[in-house]
Amino acid sequence: QVQLVESGGGLVQPGGSLRLSCAASGSIDTINAMGWYRQAPGKRRELVATITDSGNTNYGDSVKGRFTISRDNAKNSVYLQMNSLKPGDTAVYYCNVEVPGLLLPYDYWGQGTQVTVSS
């Protein structure tokens, strides 16, 4: 009963910037954390960044210093500011929301938004 809608992806040249957004809607009482993951063709899904309700952030090593995650709790939204983009950042980026479950937390995923970094 939770839907995630991502936007902001597209084509950008190396060194450029993009800002991804993700809005969660539906039956939401509490959110443990929100984050972004990405997957390139033939590769495993990898962590990009996460942020908890308290504001603690965690970044994948490959994006530290270049990407910034933020959230707006009132809007149940999470954002990813991506700067100094590299061709290696090309992937489908997925929004993730973790909510409390009966026994374990439950993850919701967005449909993904394509980010392509190329000249």
Side-chain angles (χ1 to χ4, degrees):
Q1 294 297 102
V2 176
Q3 299 82 43
L4 305 179
V5 179
E6 301 126 318
S7 62
L11 175 64
V12 65
Q13 294 188 100
S17 298
L18 285 173
R19 181 176 172 86
L20 306 183
S21 63
C22 173
S25 63
S27 300
I28 302 174
D29 289 327
T30 58
I31 295 177
N32 295 336
M34 305 184 78
W36 293 91
Y37 296 76
R38 68 186 185 187
Q39 186 168 28
K43 297 184 178 180
R44 297 177 60 188
R45 185 188 67 186
E46 66 174 347
L47 166 72
V48 177
T50 60
I51 184 167
T52 67
D53 283 350
S54 61
N56 293 326
T57 58
N58 184 38
Y59 293 92
D61 289 340
S62 64
V63 307
K64 289 180 179 177
R66 300 187 297 120
F67 292 8
T68 302
I69 189 170
S70 61
R71 66 183 295 176
D72 186 335
N73 291 343
K75 297 180 179 180
N76 288 329
S77 297
V78 63
Y79 310 92
L80 184 70
Q81 179 65 46
M82 304 185 293
N83 298 326
S84 301
L85 284 161
K86 306 174 181 179
D89 295 319
T90 296
V92 177
Y93 285 69
Y94 296 93
C95 177
N96 169 264
V97 173
E98 181 186 290
V99 302
L102 293 177
L103 296 176
L104 296 171
Y106 187 86
D107 289 314
Y108 289 94
W109 296 91
Q111 80 285 351
T113 184
Q114 177 71 47
V115 172
T116 302
V117 184
S118 175
S119 298

Closest non-hydrogen atom pair between Ser84 and Ser17, with its separation: N-OG, 4.3 Å
CD1 of Ile51 to OH of Tyr59, rounded to nearest 0.5 Å, is 7.0 Å
Cys95/Val78 under side chain to side chain contact (heavy atoms under 4.5 Å, CB included): CA gap, chis, key distance, verdict: CA-CA 8 Å; Cys95 177; Val78 63; 3.7 Å; yes
When rounded to the nearest 0.5 angstrom, what is the spacing between OG1 in Thr30 and CG in Asp53? 7.5 Å
Interatomic distance, Met82 atom CE to Arg19 atom CZ [nearest 0.5 angstrom]: 10.5 Å
Can you measure from CH2 (Trp36) to OG1 (Thr50) and round to the nearest 0.5 angstrom? 13.0 Å
Would the distance check show the side chain of Gln114 and the main-chain N or O of Gly9 forming a donor-acceptor pair, the cut-off being under 3.5 Å? no
Are Leu18 and Tyr79 linked, directly or through other ILVMFWY residues, by side chains that come within less than 4.5 angstrom of each other? no
Lys64/Asp61 salt bridge by N-O under 4.0 Å criterion: yes
Under a plain distance cut-off of 3.5 Å, with no hydrogens placed, do Thr52 and Ser54 share a side-chain donor-acceptor pair? yes
Ile31 and Arg71: which non-hydrogen atoms are nearest, and at how many Å? CG2-NH2, 3.7 Å
Got a sec, which residues hit ring-ring contact (aromatic ring centres under 6.0 Å, His included) with Tyr108, two or more places apart in sequence or on another chain? Tyr106
What heavy-atom pair brings Ser119 and Pro14 nearest, and what distance separates the two atoms? OG-CD, 3.6 Å
Given the rule in the side chain to side chain contact (heavy atoms under 4.5 Å, CB included) test, do Thr113 and Ser7 qualify, once you have shown the distances and angles that lead to the verdict? CA-CA 6 Å; Thr113 184; Ser7 62; over 6 Å; no
Do you know which two heavy atoms are closest between Lys86 and Val117, and how far apart they sit? O-CB, 3.2 Å
Donor-acceptor check, side chain of Glu98 to backbone of Asn32, threshold 3.5 angstrom: yes or no? no
Point-to-point distance, once rounded to the nearest 0.5 Å, from SG of Cys22 to CG of Leu80: 10.5 Å
Under 30°, 30 to 60°, or over 60°: which ring-plane class applies to Trp109 and Tyr37, parallel, tilted or perpendicular? perpendicular
Can you measure from CD1 (Ile69) to OG1 (Thr57) and round to the nearest 0.5 angstrom? 8.0 Å
Non-hydrogen atoms of Ile28 and Ala24 that approach each other most closely: CD1-CB, 3.7 Å
With side-chain contact (heavy atoms from CB on, under 4.5 Å) as the test, pick out the partner of Arg38 among Asp89, Val92, Val115. Asp89
Can Val48 and Tyr94 be said to form a side chain to side chain contact (heavy atoms under 4.5 Å, CB included), step by step? CA-CA 9 Å; Val48 177; Tyr94 296 93; over 6 Å; no
